[in-house]
Amino acid sequence: MHTTIMQMSSSVADNNTRITHLLSVVYDSAQKRKLPTTVRFIRSRVIVDPYQEFGILRNEAVSPQDERFWSKVFVSRTTQPLISFLKPLMDDILLGGRSVELLTQLKRKSMRVNGGCPAGTLMQTFRNHFSRFASGYFECGKLLHSSNVTVTTKKDLKQEVRNPLLAKAFETLRNHSNRSKRSKDDGVCVPLEFYPLLPLLERSLLEPLRSRQRLVCRALLDTLYEDCCLKLHILTIRRIHLMQAGDLMGRFCQQLFQKLETGEKWDNESSLTLSLLNCISSRMDQCGSYLSVTIKRGSIQQTPANLVDVQINYKVPWPVNLVITQDSIFHYNSVLRFLMQIKQGMFSLQHLSFKDLSCMDVANVTHPRQQELLSANRQHRLQLLRAWLLYFISSVDNYIMECVLESSHIRLDMQLENAVHLGQIIDSHQEYVISIHKQCLQQPSGAFLRDAINEVLSIAREVVIAWKNGLELEKLNKLEENYVRHHQFVAAVLGTDSVHSMLPHVETLAAALIHSCPATR
């Protein structure tokens, strides 16, 4: 480029001629070397860049099977500034390149060209657009002059010092004119706006580039939906980990809770996996190969397992794992364990039989009638405490299942329906997972509420034991006081504005607990 520029005769002193020659050399070089790199990248995802001039690098450490592929596969070249007119198009270039690479890996190399993407090569389309736009703005034959604009033609360009295009640009800016005008007096042709070379290149490349970007992105989404069953995998996880299939997961949980209640050995991973598959086989038999149940105990292996150790694994196939990552599976399991603890509390309280209500120990009272009355009084208080606990736990369960999960399902379905490329699907699903994880109190910001609810569930377990074995008056008083304290705490916290901003749909739960808050003595 330097040699070509310096070949200009030293006798030429006109700046207009020099600038025109310089721009011509730059444009020719960009057309021969820069633009073909972009074209090849968007068409075949292969970056052929022997001079290391293209602003994008392929991250070879990230394979298409990597969960980070969409965000990490292409990185900007820090040592080489990006071509100016490509900066506004970079998002479209990256979208097209990522989509083409995934389609290539999925053996979808042949794509139909529809009406939204004109036939012919991208380079030829760019040239046609550039010729049309350039002629539309600058092919006035000559720039006719007014009193403020000097006549400049090809013939006297070398002798003319003033730049008519620059003068016209200032005139356009001064008048704030956005429409074509033609003076009847002097016939001056005023362009819509002043177009230097770089914006003209950008506009010429924008339309054909975006047409092909939309084509490959749509083809990738069709492949993910039809061939890879992306929506089916998302729906399956929602049905199992978020218990959207309430009857099937209810059957699995009931079997598990009964073993816990009777003291049977339940923490065999193979037995749990078979039990889960049997429960869901009536409607989801096709997902059996993806599911397994494991027990994640702490560092002390001798500690007895409980519900907080249960984890349902889902082996996400490629390329669905670009959307449903292992991190999202971890968040799904966190919500699942919380739901199972709530379901266990409801199950235990609901299955208490009044026939099994044990007579309370009143051995310190000698009179038989007084013993009978005191025992009946304690039984009645225990029954009332059971009713309070059922109401509290059922309210929390209804809030999570209806207000949080169901509304989140609807919002995610709408976002998936409106998505135009894979990046939007990834972002929508990630936002969905983070949202339900937060609203189900699994993040540190909701730990104080989650701990209070867990304390209520602990009281429910003690009530179940007392229902069968009886309890002393002092123990009953302590259970009642603990429940009242935690109910009042949760109701007071849910009534604050800060919690309403953190949990968008918590108003119904707050109203249910505030208006039924038990009074202290």
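A quick note: this is a predicted structure, and the numbers were derived from the prediction, not measured.
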Would you call L494 and I514 a side-chain contact if the rule is heavy atoms closer than 4.5 Å?
no
Tell me if a side-chain donor or acceptor on E67 pairs with a main-chain N or O of Q326 at a distance below 3.5 Å.
yes
Q442 vs K438 side-chain heavy atoms within contact, under 4.5 Å:
no
Quick one: does Y399's side chain get under 4.5 Å of S395's, heavy atoms only?
no
Quick one: pull up CG in L221 and CD in E226 and give me the separation to the nearest 0.5 Å.
10.5 Å
Go through L260 and L307 one step at a time and tell me if the side chain to side chain contact (heavy atoms under 4.5 Å, CB included) criterion holds.
CA-CA 9 Å; L260 286 169; L307 284 181; 4.0 Å; yes
Euclidean distance, I312 CD1 relative to M340 CE, rounded to 0.5 Å
6.5 Å
Mind listing the closest non-hydrogen atom pair of R337 and V308 along with its distance?
CD-O, 2.9 Å
Shortest non-hydrogen contact between L224 and P319, atoms and distance
CD2-CG, 3.5 Å
Rounding to 0.5 Å, atoms OG (S211) and CG (L215) come to a distance of 9.0 Å
After noting the C-alpha distance and the side-chain angles of K296 and D309, does the key distance pass the salt bridge (Lys or Arg N to Asp or Glu O under 4.0 Å) rule?
CA-CA 5 Å; K296 296 292 184 181; D309 300 321; over 6 Å; no
Any side-chain heavy atom of Y290 within less than 4.5 Å of one from V316?
no
Could you check L322, N59, V62 and say which one makes a side-chain contact (heavy atoms from CB on, under 4.5 Å) with R68?
V62
Can you tell which of L390, V484, L479 makes a side-chain contact (heavy atoms from CB on, under 4.5 Å) with L385?
L479
Could you check whether any side-chain N or O of S328 sits under 3.5 Å from a backbone N or O of T325, counting only pairs where one atom can act as donor and the other as acceptor?
yes
Hey, what do you get for CD (E261) to CG (L256), rounding to the nearest 0.5 Å?
11.5 Å
Mind telling me whether Y432 and H429 have parallel, tilted or perpendicular rings, with 30° and 60° as the class edges?
tilted
Would the number of heavy atoms belonging to other residues, nucleotides or ligands and lying under 6.0 Å from CZ of F330 be above 12?
no
Is there a donor-acceptor contact under 3.5 Å from the side chain of N333 to the main chain of I329?
yes
For residues E101 and F74, report the shortest heavy-atom separation together with the two atoms involved.
OE1-CZ, 3.8 Å
Separation between CE (M346) and SG (C253), nearest 0.5 Å, reads 11.5 Å
State the CG-CZ distance between L103 and R98, to the nearest 0.5 angstrom.
14.0 Å
Going through the checks in order, is the salt bridge (Lys or Arg N to Asp or Glu O under 4.0 Å) test met by R411 and D413?
CA-CA 6 Å; R411 184 168 61 252; D413 290 339; over 6 Å; no
So which atom in S282 and which in L248 form the shortest heavy-atom distance, rounded to 0.1 Å?
OG-CD2, 3.6 Å
Between the side chains of Q311 and N313, is a donor N or O closer than 3.5 angstrom to an acceptor N or O?
yes
Only one of N278, I280, L272 passes side-chain contact (heavy atoms from CB on, under 4.5 Å) with L276; say which it is.
I280
Distance to the ring centre below 6.0 angstrom and angle to the axis at most 45 degrees; does that hold for K231 and Y225?
yes
Please check this pair: side chain of R386 against backbone of L349, looking for a donor-acceptor N/O pair closer than 3.5 Å.
yes
With no hydrogens and no angle check, is any side-chain donor or acceptor of S408 less than 3.5 Å from a backbone partner on V404?
yes
Just checking, is any N or O donor in the side chain of S435 or Q439 under 3.5 Å from an acceptor N or O on the other one?
yes
For the side chain of H421 and the backbone of Q424, is there at least one donor-acceptor N/O pair under 3.5 Å apart?
yes
Please check this pair: side chain of E269 against backbone of I295, looking for a donor-acceptor N/O pair closer than 3.5 Å.
yes
Does Y314 reach the main-chain N or O of C287 with its side chain, forming a donor-acceptor pair under 3.5 Å?
no
Would D66 and V73 count as a side chain to side chain contact (heavy atoms under 4.5 Å, CB included) if you check the C-alpha gap in whole Å, the side-chain angles of each, and the deciding distance to 0.1 Å?
CA-CA 9 Å; D66 197 314; V73 64; over 6 Å; no
Donor-acceptor contact below 3.5 Å, side chain H437 vs main chain V433:
no
Non-hydrogen atoms of G96 and V216 that approach each other most closely
CA-CG2, 3.9 Å
Residue E474 excluded, over 12 heavy atoms near CD under 6.0 Å
no
Dump the intermediate steps for side chain to side chain contact (heavy atoms under 4.5 Å, CB included) on F257 and K343, then the final yes or no.
CA-CA 9 Å; F257 298 156; K343 302 291 185 184; 3.9 Å; yes
With a 4.5 Å heavy-atom cut-off, do Y332 and I240 have their side chains touching?
no
Report yes if some heavy atom in the side chain of M243 is under 4.5 Å from a heavy atom in the side chain of L336; otherwise report no.
yes
Side chains of S275 and Q255: donor-acceptor distance under 3.5 Å anywhere?
yes
Could you go step by step and tell me if R239 and D247 meet the salt bridge (Lys or Arg N to Asp or Glu O under 4.0 Å) rule?
CA-CA 10 Å; R239 286 174 173 174; D247 56 337; over 6 Å; no
Applying the side-chain contact (heavy atoms from CB on, under 4.5 Å) criterion to S271, which one of L274, N268, T273 satisfies it?
N268
Within-4.5 Å side-chain heavy-atom neighbours: H233 and N321
no
If the condition is salt bridge (Lys or Arg N to Asp or Glu O under 4.0 Å), which residues does K475 pass it with, not counting sequence neighbours?
E462
For the residue pair I425 and W70, establish whether any side-chain heavy-atom pair is separated by less than 4.5 Å.
no
Quick check: does any side chain N or O of H487 sit under 3.5 Å from a backbone N or O of Y483, one acting as donor and the other as acceptor?
no
Checking side chain to side chain contact (heavy atoms under 4.5 Å, CB included) for the pair R238/L412: CA distance, chi angles, key distance, verdict?
CA-CA 11 Å; R238 279 167 27 178; L412 176 63; 3.9 Å; yes
Nearest heavy atoms of W467 and S353, plus distance in Å:
NE1-O, 2.7 Å
